[in-house]
Number of protein chains: 2
Amino acid sequence: MASIKDVAAEAGVSAATVSRVLNDHPSVSAHARTRVQAAVAALGYRPNAVARSLRTDQTHTLGLVISDVLNPYFTELARSVEEEARALGYSVIIGNADERPDLQDHHVRNLLDRRIDGLLVSPTDGGSPLMLEAAHAGTPMVFVDRWIPGVDVPVVRADGRAAVRDLVEHLHGLGHRRLAIIAGPAATTTGLERVEAFREALRAYGLGLPDAYVGRGDFQAESGRRVTEGFLDLPEPPQVVFAADNLMALGALDAIRARGMRVPGDIALAAFDDVRWFVHTDPPVTAIAQPTGELGRAAVRALTARIEGRPGASLTLPARLVVRRSCGAPPSAVPPPPPVRRRMP
Amino acid sequence: MASIKDVAAEAGVSAATVSRVLNDHPSVSAHARTRVQAAVAALGYRPNAVARSLRTDQTHTLGLVISDVLNPYFTELARSVEEEARALGYSVIIGNADERPDLQDHHVRNLLDRRIDGLLVSPTDGGSPLMLEAAHAGTPMVFVDRWIPGVDVPVVRADGRAAVRDLVEHLHGLGHRRLAIIAGPAATTTGLERVEAFREALRAYGLGLPDAYVGRGDFQAESGRRVTEGFLDLPEPPQVVFAADNLMALGALDAIRARGMRVPGDIALAAFDDVRWFVHTDPPVTAIAQPTGELGRAAVRALTARIEGRPGASLTLPARLVVRRSCGAPPSAVPPPPPVRRRMP
DNA sequence: GCCCCTCGTGGAATCGATTCCAATCTTTCT
DNA sequence: AGAAAGATTGGAATCGATTCCACGAGGGGC
């Protein structure tokens, strides 16, 4: 493959001049410029990004470590991240942690070794020494969706609190009183927050959240199934299962169907994270939708700001409730309760 | 960030010796080795992959250019590719072409500029000059799923021919006679092959495939909706719609539902590509499942073989039919036709 | 006791770019 | 005309690794 020296020889100039033409430095004569351009075209020359990165100490690359590529929420996030990054002149390398801290570390290490300019992470756990060290060492970093408390890194995420309140209002209005949640791992912020938001919203309606109604999942479908089976085995099973992510909702659907029960007739189901497939499931699933694309774009903007020396700020965007049929139609016998809170626009 | 010189200074040896320890070259004394290891640990030194790549002309990185990250088929593929690559000591950089040839070119160029060791492509179109040139120039390359005829590059893909025959047998057995297909772009091999396999299978049952029953989609949901609306507007609409990928099937489902029609009561639906969500849609969708994970792994093995100078061979794996409820239950009035072919195991 | 061979080691070249600095050639102003 | 300023240009250093080559020390054989 042709190098800058070959181009220089072909154009009859020095490598320095070729480099200047390539980076359109002003101080090059028109004559030299055209000769270099001709040589570049003739040789099909492309600058070696590896060499360039070594010299300039910039890779124009962002690392994105997500918790699970098979989760449509994260692939949508990844897509918007890549899109915005491309628009800003950066490439993205995606690392899939599969919800495994060891894999997450593998990718963080790998990305750091490649000297990426900045790191976008949705941490799988409370933060490995490696990640904390990277943050501390000044690697430009931004958390998306999930974050690690106590680390001084901007966070771009959605706040589902209001939407969860809307959901509980909706469920309460439908007459449901025994509500259960399939939570995420305690090591993740989203795993904790969603339970807390749910518990708080229930309290506003005078409802409690007994321990038996809090299942611990891992954001994967299989755990949703397992937890739901536990719920159904209870002497008094819940009337509603709220899954803290879309995959666990899928698992819950499996478990419910396996018992020959119907949604929402026998039990209602709601999920955090709205994915396009929820429109087509049987029944369509009521879900809390995050502004995923906007989160990805904002995260990239915050990260590139940091990289380029500008201050990259945290951002929290509201999620919103999308009502479908999985929680049932309002029973006509029971009059709807007075509205306690307005639904978000 | 500490460099090899810092380690050398700390250990009181030369950079050459440090390098030898790092690459566990045999000719290093035990004493020097332990001193270097101590220095590495003390400084938290990590070799700079950029510098290493420049020198060795190897990046230990594979490029994967897929047609659409939002398509679960491709994300599953990407996942298995990354898994196998990791097991073999390679990293993967994913480029999402979004079914757009210009974006595909952008990613191919970018990956080539980064001097990736090899390229895995599922081409969006018939092949840009850039890609043909790369293949011709000897860049180790393997096509997955889709390929470009006439280019001397190994192809790892699934053969759906037998499964499509099984599907048609299934549909014919259910009494359906007017079968339509939503095809993919004519520029892709899978876009063409699936139609041909379908047409051939129909012929075996004495059925034709009129032009009006062949819609041209682009593997995205929206096109599936559009094409299906066209089908439903026909004076004699088809009894079955077979979508050549899972997203177009989703679009078809939208279009059908928008008219207030039921699947399979009013019209049957089948899809190429099985995705986990098809189990949960209303109704569950009959689909042709590819051995996606195995395809990804085999493609990586073929590519790394090429990279390492071994011969990487093409591979074609069979797809298989997964019957669910979207095509209807066998009408008891009509006796089932004699079996023409056995279903695959 | 001397020679040769092996082992361990460091110096220096190298990969392909960028960029500082000095040198040359113009041009302009007094 | 001479000097100063400005425009172009190339040589050489540099980024952080790897690896060839040469050198010195030590061990074994005769």
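Labels below follow one simple rule: chain letters A, B, ... track the order of the sequence lines, proteins then strands, and each chain is numbered from 1.
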Worksheet item: So what does Val18(B) hit on the nucleic acid, given a heavy-atom distance under 4.0 Å: a base, only sugar-phosphate, or nothing?
Response: nothing

Worksheet item: Would you say Asn23(A) reaches dT18(C)'s phosphate, i.e. side-chain N/O to OP1/OP2 under 4.0 Å?
Response: yes

Discussion item. Please determine whether a side-chain nitrogen of the Lys or Arg among Glu76(B) and Arg79(B) lies less than 4.0 Å from a carboxylate oxygen of the Asp or Glu.
Written reply: no

Discussion item. With a 4.0 Å cutoff (strictly under), does any side-chain N or O of Ser19(B) reach OP1 or OP2 of dT19(D)?
Written reply: no

Worksheet entry | Ser53(A) to Gln58(A) - nearest heavy-atom pair and separation | OG-O, 3.1 Å

Worksheet, complete the sentence: Heavy-atom nearest pair, Thr292(B) first then Ser80(B), reads O-OG, 3.9 Å

Discussion item. Could you tell me if Arg114(A) and Ser91(B) have a donor-acceptor pair between their side chains, going purely by distance under 3.5 Å?
Written reply: yes

Worksheet item: Can you name the one residue among Ile307(A), Leu62(A), Leu303(A), Thr304(A) that meets side-chain contact (heavy atoms from CB on, under 4.5 Å) with Leu88(A)?
Response: Thr304(A)

Discussion item. I need the residues from residues 52-62 of chain B with at least one non-hydrogen atom less than 4.0 Å from DNA chain D; give them sorted by number, or say none.
Written reply: Arg52(B), Leu54(B), Arg55(B), Thr56(B)

Item to complete: Mind checking Ala32(A) for me? I need base, sugar-phosphate or nothing, with any heavy atom below 4.0 Å counting as a touch.
Response: sugar-phosphate

Please output the side-chain donor-acceptor pairs of residues 136-145 of chain B that fall under 3.5 Å, not counting sequence neighbours, one pair per line with the distance.
| unit_1 | atom_1 | unit_2 | atom_2 | d |
| --- | --- | --- | --- | --- |
| Thr139(B) | OG1 | Ala134(B) | O | 3.1 |
| Asp145(B) | OD1 | Tyr73(B) | OH | 3.2 |

Worksheet item: Can you find an N or O donor on one side and an acceptor on the other, under 3.5 Å apart, linking the side chain of Arg20(B) with the base of dG10(C)?
Response: yes

Item to complete: Report yes if a side-chain nitrogen or oxygen of Thr17(A) is closer than 4.0 Å to either non-bridging phosphate oxygen (OP1 or OP2) of dG10(D); otherwise report no.
Response: yes

Worksheet entry | Shortest side-chain distance from Ser14(B), nucleotide among dA17(C), dG10(C), dA17(D) | dG10(C)

Fill in: Ionic contact status for Arg100(B) with Asp98(B), cut-off 4.0 Å
no

Worksheet item: Between dG16(D) atom C1' and Leu22(B) atom CG, what is the distance in whole Å?
Response: 12 Å

Worksheet item: Start at the 5' end of DNA chain C and walk down; is the nucleotide closest to Ser27(B) or to Ala16(A) reached first?
Response: Ser27(B)

Practice prompt. Have a look at Ser3(A) and say if it touches a base, only the backbone sugar-phosphate, or nothing, with a 4.0 Å heavy-atom cut-off.
Written response: sugar-phosphate

Practice prompt. Determine the contact category for Val13(B): base if any of its heavy atoms lies under 4.0 Å from a base atom, sugar-phosphate if only primed atoms, P, OP1 or OP2 are that close, otherwise nothing.
Written response: sugar-phosphate

